[in-house]
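Computed over heavy atoms, backbone and side chain alike; hydrogens, waters and symmetry mates excluded. To find a chain, count down the sequence lines: A is the first, B the second, and so on, and within it residues start at 1.
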Protein chains: 2
Amino acid sequence: MKEYLNIGVSVSICIFCYDEDQKKVLVVDKENDPFKGGKVLPHQMLQPKQSLEEVCSEVLEKNIGNKDVYVEQLNAFGKVYRHPSGRIIDISFYGLVNLEKDKIKLNKENNARFEKIDKSLDLVFDHDDIIDFASKRIKRRMKYRPLGKNLLPSQFTMNELEGLYSCFLGKQFDKRNFRRRILEMDFLKEITKVQRNTRGRKAILYEFDPKKYKNYSKAGF
Amino acid sequence: MKEYLNIGVSVSICIFCYDEDQKKVLVVDKENDPFKGGKVLPHQMLQPKQSLEEVCSEVLEKNIGNKDVYVEQLNAFGKVYRHPSGRIIDISFYGLVNLEKDKIKLNKENNARFEKIDKSLDLVFDHDDIIDFASKRIKRRMKYRPLGKNLLPSQFTMNELEGLYSCFLGKQFDKRNFRRRILEMDFLKEITKVQRNTRGRKAILYEFDPKKYKNYSKAGF
DNA sequence: CCAAAAGTGTTAATCTTACACCCATGA
DNA sequence: TCATGGGTGTAAGATTAACACTTTTGG
């Protein structure tokens, strides 16, 4: 009768950052069997008394030393894994971080690191699929909500924002059109300061206007 | 150590139909404690050996007598419920059906029925929130994917399709513009037959072109 | 002074919206 | 013949897409 109360729930998180003009995801070496040493997404078993949000916090704290980053639920993956101690359901989340702003401290124990996303990433379980799922979700979300606040430093140039969009959507933009489009959305504010040391002309710096960023939502149909 | 393998996973499904020009959702009377007799979404505990898809099928078979209807995963709700026998995580799905086409046979045991969605619906647990979550998800999905194949009879008029869109998106359309817009999307085919008995002029009947319906996807950004 | 990166406007084409009347049919 | 519901086109306005040169600055 209570057989059904015999399932484990794991929570895994795709933590993305935008670093060196690339989208990267946090991976760790698995600390115990099965697949000990294999490359996986950070994850952890849910304790019966915890909420999903609490496990998320623990996973974040453990692996990047900051539990207060933006995460959003992705999906539950219910394939019947053959885990030695029984049935596991994995509930996945994705998160977006900025290495400096979020004061990321990578866990050395399990060799936590950000890797760029390509064929060679190759995680165990179906964790590659989860990354794929997350990437698509973010792409879709970008169509009606702004992106960047959680990934960029608090001050950034228009070209940096364009690079981010270009990278996450996998396509090139026309500088002039991108600029106009983003500025029309009206969630940026130009600040008086101007770019750090760099070759060439100095760029205008922008910040997100927190309220407008939060409330921006494009209508469809 | 194995304490974490002591969680129950329930699967609940929001099954929507479009009936009498209204969006309705399947609700049942809860068959056991807690809240025995309360109005809930159809749901069931996951057995350790089952996949999520298998429980979905069981829930569907039991409540509407047809396990082969379109469902899609919504979200895992992980609030720490106080369930007498332990911790439960609910993973919710939504499904779309047509009463005739899908040969819906409502389960009489638990008084399964479709009810229209308004303030008075009032389900136990957070099942109202799940319906809300599902409604929003469908609305968003409609912005880039077609809707109707699973809800309408296989042949339908343009005005019926407009009514469905109007109902699910909660807004009115201009007949001419709606028609043009849908036809441009090019997933409908006009068939030679003409509408059933009705007052007034007979309407052209349409069907969805399965391939085009499936592949239609509007680009954003 | 020149290489590097930032910034800027206009036009044509496309898409969206608003809008009102005629058509076919059954009662 | 008339009430009912089905069907149709156009023009103005808004949005998007394509396009290349000038500016600023540090080396």
Note to self: Do A:Val28 and A:Asn111 make a side-chain contact, defined as non-hydrogen atoms from C-beta onward lying under 4.5 Å apart?
What the structure shows: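 Answer no - side chains too far apart.
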Could you check how far [atom1] of [X] sits from [atom2] of [N], rounded to whole Å?
{"X": "B:Phe178", "N": "D:dG7", "atom1": "CZ", "atom2": "P", "result": "13 Å"}
{"X": "B:Asn159", "N": "D:dT8", "atom1": "CG", "atom2": "P", "result": "11 Å"}
{"X": "A:Tyr206", "N": "C:dG7", "atom1": "OH", "atom2": "P", "result": "6 Å"}
{"X": "B:Glu190", "N": "D:dG6", "atom1": "CD", "atom2": "P", "result": "15 Å"}
{"X": "A:Arg199", "N": "D:dT23", "atom1": "CZ", "atom2": "P", "result": "19 Å"}
{"X": "B:Ile182", "N": "D:dG7", "atom1": "CD1", "atom2": "P", "result": "14 Å"}
{"X": "A:Leu183", "N": "C:dT8", "atom1": "CG", "atom2": "P", "result": "9 Å"}

Checklist line | Centroid-centroid under 6.0 Å between A:Phe133 and A:Phe77 rings | finding: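 Close enough - the centres of the two rings lie under 6.0 Å apart.
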Next item on the list: Quick one: list whatever passes salt bridge (Lys or Arg N to Asp or Glu O under 4.0 Å) with A:Lys23, sequence neighbours left out.
Entry: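 Partners of A:Lys23 under the salt bridge (Lys or Arg N to Asp or Glu O under 4.0 Å) test: none.
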Next item on the list: Report yes or no: do A:Tyr216 and A:Arg145 form a side-chain donor-acceptor pair below 3.5 Å?
Entry: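 No, no side-chain donor-acceptor pair sits under 3.5 Å.
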Notebook entry, point to check: Just checking, any donor-acceptor pair under 3.5 angstrom between side chains of B:Asn159 and B:Thr157?
Noted result: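 No, no side-chain donor-acceptor contact under 3.5 Å.
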Note to self: Looking at B:Lys139, I want to see if its NZ is surrounded by more than 12 non-hydrogen atoms of other residues, nucleotides or ligands under 6.0 Å.
What the structure shows: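 Atom NZ in B:Lys139 is not packed in, count stays at 12 or less.
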Note to self: For nucleotides 10-22 of chain C, give me one character per nucleotide, 5' to 3': B if any protein heavy atom sits under 4.0 Å from the base, S if the only such contacts are to the sugar-phosphate, - if neither.
What the structure shows: B------BBBB--
Notebook entry, point to check: Between A:Gly200 and B:Arg179, which is nearer to the 5' end of DNA chain D once each is assigned its nearest nucleotide?
Noted result: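 Upstream on the strand: B:Arg179.
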Note to self: As a test of reading the structure: which of D:dT25, D:dT4, C:dA4 is closest to the side chain of A:Lys202, going by heavy atoms?
What the structure shows: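 That would be D:dT25.
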